[in-house]
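Here's the structure, in structure tokens; my notes come after.
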Amino acid sequence: RPRRGAGRNAPAPRAVGRSGRNAPVEAKPERLHKILAQSGVGSRRDMEEWIAAGRVTVNGKPAEVGQLVGPEDKVKVSGRLVHLRFGSLRLPRVVLYHKPEGQIVSRDDPEGRDSVFDFLPRMRGSRWVAVGRLDYNTSGLLLFTNSGDLANRLMHPRYNLEREYAVRVLGDLDDATLKQLAAGIELEDGPARFTTLLDAGGEGANHWYRVTLSEGRNREVRRMFEAVGATVSRLIRVRYGPFVLPARLKRGSTMELTDMDVAKLMREFGLPAPEVIQKRDKRTRK
């Protein structure tokens, strides 16, 4: 089990070649929820909810959904001043994290359990936004970025990003059960089906399967197997869209994407990104 705070104690990787190519353009007023997401506070949807809940102020007054703000405005979230980023093509940061079992994907937990955010690289002026979630007892690949816009697009249903899992169940599933899972299961929140379901073998009482689906409902994989009477004893996310869990990435460690990889990702999802000439090495951290 990784040591709490390991990510915070390690120095953040140096961003090579970032200066000089991210010159800001003339700043114009932008919608508050958009600029907060661009500044790395959270996703646009989260920001709209926070504004509606009264957590955001502009120049000392409660903010309104859809409000325009400029560089001269002072914006606070939960009483803390936010450094707003206007008209900038500065690249965000993106990290892959190998989540172990026994961590939550939340900053606040009344039970005091370990949070994945305790093991991420430290940042100044913005915060990590999780791309989707994994439950407490699920391990595997998680993505984080400080761009709310990028996080939102990586999670949005219209991009139809596949999630792939390795699933260990107790006992073998017969052909009828496998066909049922492939055809679709009716859950309490609607029908669900695996895009693919492959037998991955196994020994003794346990058997492994590889499954993919293109949505991320809460505990969906576990609930689908439970619906056919199967007990999931281990669940690992091995892929999220184009990102595969690297074999060398140990549990509790992160790997940061290079500038070139981030710029390519931004353009693929319709977001502006500067041309990148110099490349930052991928780095893993325990």
Side-chain angles (χ1 to χ4, degrees), residues 1-16 40 42-43 92-148 150-151 154-155 161-169 200 206 208-212 216 218-222 232-259 261-262 265 280-286:
R1 181 173 175 173
R3 177 170 55 87
R4 174 183 282 273
R8 290 180 173 174
N9 294 332
R14 183 171 58 90
V16 178
S43 69
R93 295 174 66 181
V94 180
V95 298
L96 280 59
Y97 178 63
H98 189 165
K99 176 191 175 298
E101 297 175 358
Q103 291 181 359
I104 62 169
V105 188
S106 174
R107 288 184 170 84
D108 302 310
D109 180 41
E111 299 178 35
R113 294 172 294 182
D114 281 349
S115 166
V116 293
F117 293 98
D118 291 332
F119 300 87
L120 301 180
R122 180 183 293 178
M123 281 197 301
R124 293 181 179 178
S126 60
R127 56 192 278 165
W128 292 113
V129 179
V131 178
R133 292 175 178 269
L134 292 176
D135 66 39
Y136 184 72
N137 293 318
T138 300
S139 61
L141 179 63
L142 271 175
L143 302 177
F144 294 88
T145 177
N146 62 333
S147 167
L150 179 58
L154 289 169
M155 292 184 285
L161 292 185
E162 277 192 341
R163 286 83 157 160
E164 182 176 353
Y165 295 84
V167 189
R168 188 180 71 184
V169 302
N206 294 308
W208 285 93
Y209 296 91
R210 282 291 188 102
V211 302
T212 61
N218 184 41
R219 301 185 70 253
E220 187 171 6
V221 175
R222 291 184 186 273
V232 175
S233 58
R234 193 171 182 192
L235 183 60
I236 308 168
R237 184 156 70 192
V238 295
R239 180 170 63 87
Y240 188 101
F243 300 98
V244 177
L245 181 65
R248 69 180 185 277
L249 186 60
K250 297 180 180 179
R251 289 189 301 168
S253 298
T254 62
M255 173 183 288
E256 184 159 3
L257 297 191
T258 67
D259 283 350
D261 287 340
V262 173
L265 183 66
R280 185 176 74 246
D281 292 336
K282 289 182 181 177
R283 305 195 180 188
T284 57
R285 302 163 74 224
K286 298 180 180 178

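In what follows, every heavy atom counts, from backbone to side chain, and hydrogens, waters and symmetry copies are set aside. Each residue takes its place number in the sequence, starting with 1.
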### Task
Report the relative orientation of the aromatic rings in F144 and F117; use parallel for angles under 30°, tilted for 30 to 60°, perpendicular for over 60°.
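Perpendicular: the ring planes of F144 and F117 meet at over 60°.
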Check whether the side chains of [X] and [Y] place a donor and an acceptor atom closer than 3.5 Å, and report yes or no.
{"X": "Y136", "Y": "E111", "value": "no"}
{"X": "T138", "Y": "R222", "value": "yes"}
{"X": "D261", "Y": "T258", "value": "yes"}

Closest heavy-atom pair and its distance - [X], [Y]:
{"X": "L154", "Y": "Y240", "value": "O-OH, 2.9 Å"}
{"X": "F119", "Y": "T254", "value": "O-CG2, 3.9 Å"}
{"X": "P92", "Y": "S147", "value": "CB-CB, 3.6 Å"}
{"X": "L96", "Y": "V244", "value": "CD2-O, 4.2 Å"}
{"X": "V211", "Y": "V167", "value": "CG2-CG2, 3.8 Å"}
{"X": "P242", "Y": "L161", "value": "CD-CD2, 4.4 Å"}

Taking C-beta and beyond as the side chain, do [X] and [Y] meet within less than 4.5 Å on heavy atoms?
{"X": "V116", "Y": "I104", "value": "no"}
{"X": "S253", "Y": "Y97", "value": "no"}
{"X": "H98", "Y": "M255", "value": "no"}
{"X": "V221", "Y": "V232", "value": "no"}

With rounding to the nearest 0.5 Å, note down the distance linking [atom1] in [X] to [atom2] in [Y].
{"X": "N206", "Y": "R168", "atom1": "CG", "atom2": "CZ", "value": "4.5 Å"}
{"X": "I236", "Y": "R251", "atom1": "CD1", "atom2": "CZ", "value": "9.0 Å"}
{"X": "L120", "Y": "S115", "atom1": "CG", "atom2": "OG", "value": "7.5 Å"}
{"X": "L134", "Y": "L141", "atom1": "CG", "atom2": "CG", "value": "8.0 Å"}
{"X": "N137", "Y": "L235", "atom1": "CG", "atom2": "CG", "value": "9.5 Å"}
{"X": "D114", "Y": "Q103", "atom1": "CG", "atom2": "CD", "value": "5.5 Å"}

Could you check whether any side-chain N or O of [X] sits under 3.5 Å from a backbone N or O of [Y], counting only pairs where one atom can act as donor and the other as acceptor?
{"X": "R239", "Y": "R163", "result": "no"}
{"X": "T145", "Y": "R93", "result": "yes"}
{"X": "W128", "Y": "P121", "result": "yes"}
{"X": "K99", "Y": "D135", "result": "yes"}

### Query
Can you list the residues that meet the side-chain hydrogen bond (donor to acceptor under 3.5 Å, both in side chains) rule with E220, with sequence neighbours excluded?
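With sequence neighbours excluded, E220 shows a side-chain hydrogen bond (donor to acceptor under 3.5 Å, both in side chains) to R217, given in chain and number order.
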### Message
Going by the rule side-chain hydrogen bond (donor to acceptor under 3.5 Å, both in side chains), which residues pair with R133 if we only count those two or more places apart in sequence or in a different chain?
### Response
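R133: no side-chain hydrogen bond (donor to acceptor under 3.5 Å, both in side chains) contacts found.
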### Task
Quick one: list whatever passes ring-ring contact (aromatic ring centres under 6.0 Å, His included) with Y209, sequence neighbours left out.
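Only H207 meet the ring-ring contact (aromatic ring centres under 6.0 Å, His included) criterion with Y209.
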### Message
The test is side chain to side chain contact (heavy atoms under 4.5 Å, CB included); show your working for L142 and V105 and say whether it passes.
### Response
CA-CA 9 Å; L142 271 175; V105 188; 3.8 Å; yes
#### Entry: CA sep, side-chain torsions, deciding dist, call: L257, V95, side chain to side chain contact (heavy atoms under 4.5 Å, CB included)
CA-CA 6 Å; L257 297 191; V95 298; over 6 Å; no
### Task
Please lay out, stage by stage, how N146 and M123 fare under the test side chain to side chain contact (heavy atoms under 4.5 Å, CB included).
CA-CA 9 Å; N146 62 333; M123 281 197 301; 3.6 Å; yes
